[in-house]
Amino acid sequence: MQLIPCPWCGPREEAEFHYGGQAHVAYPEDPAALSDEDWAKFVFFRANPSGPLAERWSHSAGCRRWFNAVRDTRTHDLLAVYRLDEPRPVIS
Amino acid sequence: MTRLSGVPLKFTFDGRELTGFLGDTLASALLANGIHQVATSITYGRPRGIVAAGVEDSNALVQIEAPFPEPMLSATTVELYDGLEARGLRGRGRLAAEPDPARYDAKHAHCDVLVIGAGPAGFAAAAEAEGRVLLVDDQPDGEAPEGVRFLSRTTAFGIYDDGFVLALERRGEPAAPERISRQRVWRIRARKIVIATGAHERPIVFPDNDRPGIMLAGAARTYLNRYGVLAGRRVVVFTTNDSAYDAASDLAGAGAEIVRIVDAREGYGVIGTDGDSRITAAHVAKLGEMRGERVECDLLLVSGGWNPAVHLFSQARGKLRYSPELGAYVPDGNLPTVSVVGAAAGEGLPEAKILWQVPAPESEVDTRFVDQQRDATVSDVLRATGAGLRSLEHIKRYTTIGTAHDQGKTSGMLAAGITAEALGVDLATQRPTTFRPPYTPVPFAALAGRHRGELHDPVRVTAIHPWHVEHGAEFENVGQWKRPWYYPRPGESMHDAVRRECRAARNDVAVMDGSTLGKIDVQGPDAGWFLDMLYTNMMSTLKVGRIRYGVMCGVDGMVIDDGTVIRVGEERFLVTTTTGNAAMVLEWMEEWLQTEWPHLDVFATSVTEHWATMPLVGPRSREVLGRLAPDLDVSNEAFGFMTWQDAEVAGIAARVCRISFSGELAYEINVPSCYGLALWQSIVDTGATPYGTETMHVLRAEKGYPIIGQDTDGTVTPQDLGMSWAVSKKKADFLGKRSFARAENNRPDRKQLVGLLPVDPSVRLPEGSQLIESEVVPEPPVRMLGHVTSSYDSAALGRTFALALVRSGRERVGETLYVPVGDQVVPVTVTESVLFDKEGARRDG
């Protein structure tokens, strides 16, 4: 049972959280202007790296707030957590 | 003879009444009574005895029959208690048919340092550790340094992420379990973990190495020194290392005759044994020779070396390396927060000659057992390598070695060694099989703890629930909610009751408890804009006092929920959701508000449980409401369809909405939950018939209204449902809109919602049935056209009908299709989805 450090509540058990997929995938400004392919990329395509990935998480059984985290997909180590209005931290 | 505490305990084994002492295990008490054969093996039915003195034992499996049946326990881990009844097992045990009367629990602990194992290394580590220190040990006795919290009879069985450790504490035996929980799972969170779990002695493989009376040397020493039991009087010792000499010396000191020490380092080995329920002789030969000398004995002690108990370290993702001195895998350095000390780290263990198996004469039946509990032999390993398997993981799966109750604690290393020999590879290049929790078997009862019976899952009931119970309602589970399904009168079947309830709603007046409907209060200056984005239709233009039906889609354009939206004020809406989707829709709103549109000034709050909701349905509903609310003008002109008004109903402040999920004239009356029961009573006192969810389903299906999640499955668009009318063409954007233009969502052969009328009006199609084109089921692959999503017998239509998702369904209206049901193929006519009152004449009464 991994501990996830919620930026508002501190470390809590992973069962309190809900996964929200890749972070920094913004809803397009003008969906109507996109080609079918570009729209499909927004809807269906997500990165799947072996290594650090910026993700969205929601502390659904706690403060119910969304935040972002950089997780190493090989080890599940959370390298950083940050609020939605903060930029993605640089991970060396 | 008195042993241990001197407190005698009566117990039964295989029907024999026996005596042991407080402090015995079942295994030590059996040995003290001269019983070596405990069980028989699962495949070959060979007699099997006690091999070890702890959790690593592979053979002495027992079934506890009383006081409460428990299957497959190891006799070496069962503490003896008065009145225990057990019998030996052949493989599988018997689960109890009756509920376990004991209580089980869970407990949390937090510490700076957790030390697992209270032997010398663990004791020293606990003494040196700083901060809050917790020491656990699986034995009933033991002690801890001062200032250290100590849990005995507690087995750490799993290490998980971030210092999380699960441990099982056995507290019920031998103490009376009436006042306390029998076992409890400790959920420990530790900053640092020290593993001091010791080592398990390793057997050696030779022909007939499985007879009762063949025991690990260290185990015989434990039975003597700890339990006061001498396991045999004429002893042969077969060893590859010095540790067995300590056992020989202790047993000799207790009066046993050590008739032969067979030391592999001197070039000798055991190549066979005699005996049935107990060993009678060992055959001793020079290693490599196939004929040996017969040496009579009643106990054969074996020591092939020692395997550090690295299970927990490996679970914590610690790396292991092969030690050629020990013939075992040892920790390859510590982890940042998990360290290993003592014998578990390979410290202080005797160097051993590596001997996995003794060269033995050919025989027709292989009795060189590698995994005794699985009855798996050297031949089984060679069959696996002969079949081309190379990795230890694959050989484990092929042979099942290491997959039994004992999880290969004694057999795993032997299998690895014999495999490496067969393949001619160095074990240092082989990856050991992965250790996974649990280290020892854990009863499901302990894992469940208090989460059983009423506490298994919360039950949600409405304010009106007591009335439903009192009036004999049958209930249906919808998520955690208990919803009245139908209200059978004495002698009525479900079918009769539902027909009666449907008739009341269509011809008279009926009322249902709709309180479980999800309700979300959406407030703020931007609420209109927000709902415009969430729903396919326009909500911002809705006038205060009016109601609109809305459909919600994912960005992929698939329907995720539907419901009504009422505008309470300029900046306030009340949104309803499907009962089962209430939490999902609220989370969906929060997700968009927080992640995409944080600039919006909107708040969404669940008010599901604040309101009791009662649809009053049927041609007489206006008259009944008029009577209950004399100050309310219920005429169609004053109170039109899709509007709402606040009014006093039966003296209670209520919000009344004119909406209909049945096509009938209907009013949905909402009152604060605390008045729900009072209002319900007033309504049924007027003679309105209460109806349940089944009737609701029939009524809505007759009108072709889909239920999201029953008639849809996450691949259905509003267009597929025939709801293009609910999709705004004016709005520039909303969630899902762009996806409606995707080529995939415009294929003419998409599955569409249609009605089905079985040609025989008495046949009710099973929901989930598939539709095909021909009267005869063709050879596979059969082209599937779709499936039945809802199916009922309709009083109003005087026949059965169904809703279905069918490829190009709307183009097929009028066609005959076929539904295979068991051995029959049922012909059905495709119709539009609306089957009753197509022109909507009944809506306004």
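Hydrogens, waters and symmetry mates play no part in the numbers below; they use all other heavy atoms, side chains included. What you see is a predicted model, and the numbers here were worked out from it, not measured in a lab. Proteins get letters first, then strands, A, B, ... in listed order; numbering begins at 1 in each.
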task = Side chain from CB out, backbone as N, CA, C, O: work out which of these in A:Phe42 comes under 4.5 Å of a heavy atom of chain B, or both, or neither.
result =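 Only the side chain of A:Phe42 comes within 4.5 Å of chain B.
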message = Which atoms of A:Arg56 are under 4.5 Å from chain B, going by heavy atoms: the side chain, the backbone, both sets, or neither?
response =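 For A:Arg56, side-chain heavy atoms alone lie under 4.5 Å from chain B.
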task = Check the side chains of A:Ser35 and A:Glu37 for a donor-acceptor pair under 3.5 angstrom, ignoring hydrogens and angles.
result = no
task = Would you kindly say whether B:Asp561 and B:Thr578 are connected by a side-chain donor-acceptor distance under 3.5 Å?
result = yes
query = Are more than 12 heavy atoms from other residues, nucleotides or ligands located less than 6.0 Å from atom NE2 of B:His456?
reply = no
key: Over 12 non-hydrogen atoms of neighbours within 6.0 angstrom of NZ in B:Lys192   = no
task = Grab the two heavy atoms, one from B:Val602 and one from B:Ala527, that are nearest each other, plus how far apart they are.
result = CG2-N, 3.6 Å
key: Among A:Asp36, A:Asp30, A:Val43, side-chain contact (heavy atoms from CB on, under 4.5 Å) partner for B:Arg738   = A:Asp36
Go through the atoms of [X] and report whether side chain, backbone, both or neither lie under 4.5 Å from a heavy atom of chain A.
X: B:Phe734; result: backbone
X: B:Gln594; result: both
X: B:Asp556; result: both
X: B:Ala732; result: neither

note = Those residues of residues 2-9 of chain A that come under 4.5 Å of chain B on a heavy-atom basis, listed by number, are A:Gln2, A:Leu3
message = Please identify, among B:Lys737, B:Arg317, B:Glu590, B:Glu591, the residue contributing the most non-hydrogen atom pairs under 4.5 Å to chain A.
response =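 Going by pairs under 4.5 Å, I would pick B:Glu591.
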message = Ring-plane angle category for A:Tyr82 and A:His24, please: parallel below 30°, perpendicular beyond 60°, tilted otherwise.
response =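 Rings of A:Tyr82 and A:His24: parallel, under 30°.
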query = Can you check whether B:Trp592 and B:Phe530 have ring centres sitting under 6.0 Å from each other?
reply =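 Here the rings of B:Phe530 and B:Trp592 have centres that are no less than 6.0 Å from each other.
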key: Test log, rule side-chain hydrogen bond (donor to acceptor under 3.5 Å, both in side chains), inputs B:Ser739 and A:Trp39   = CA-CA 8 Å; B:Ser739 287; A:Trp39 176 251; 2.8 Å; yes
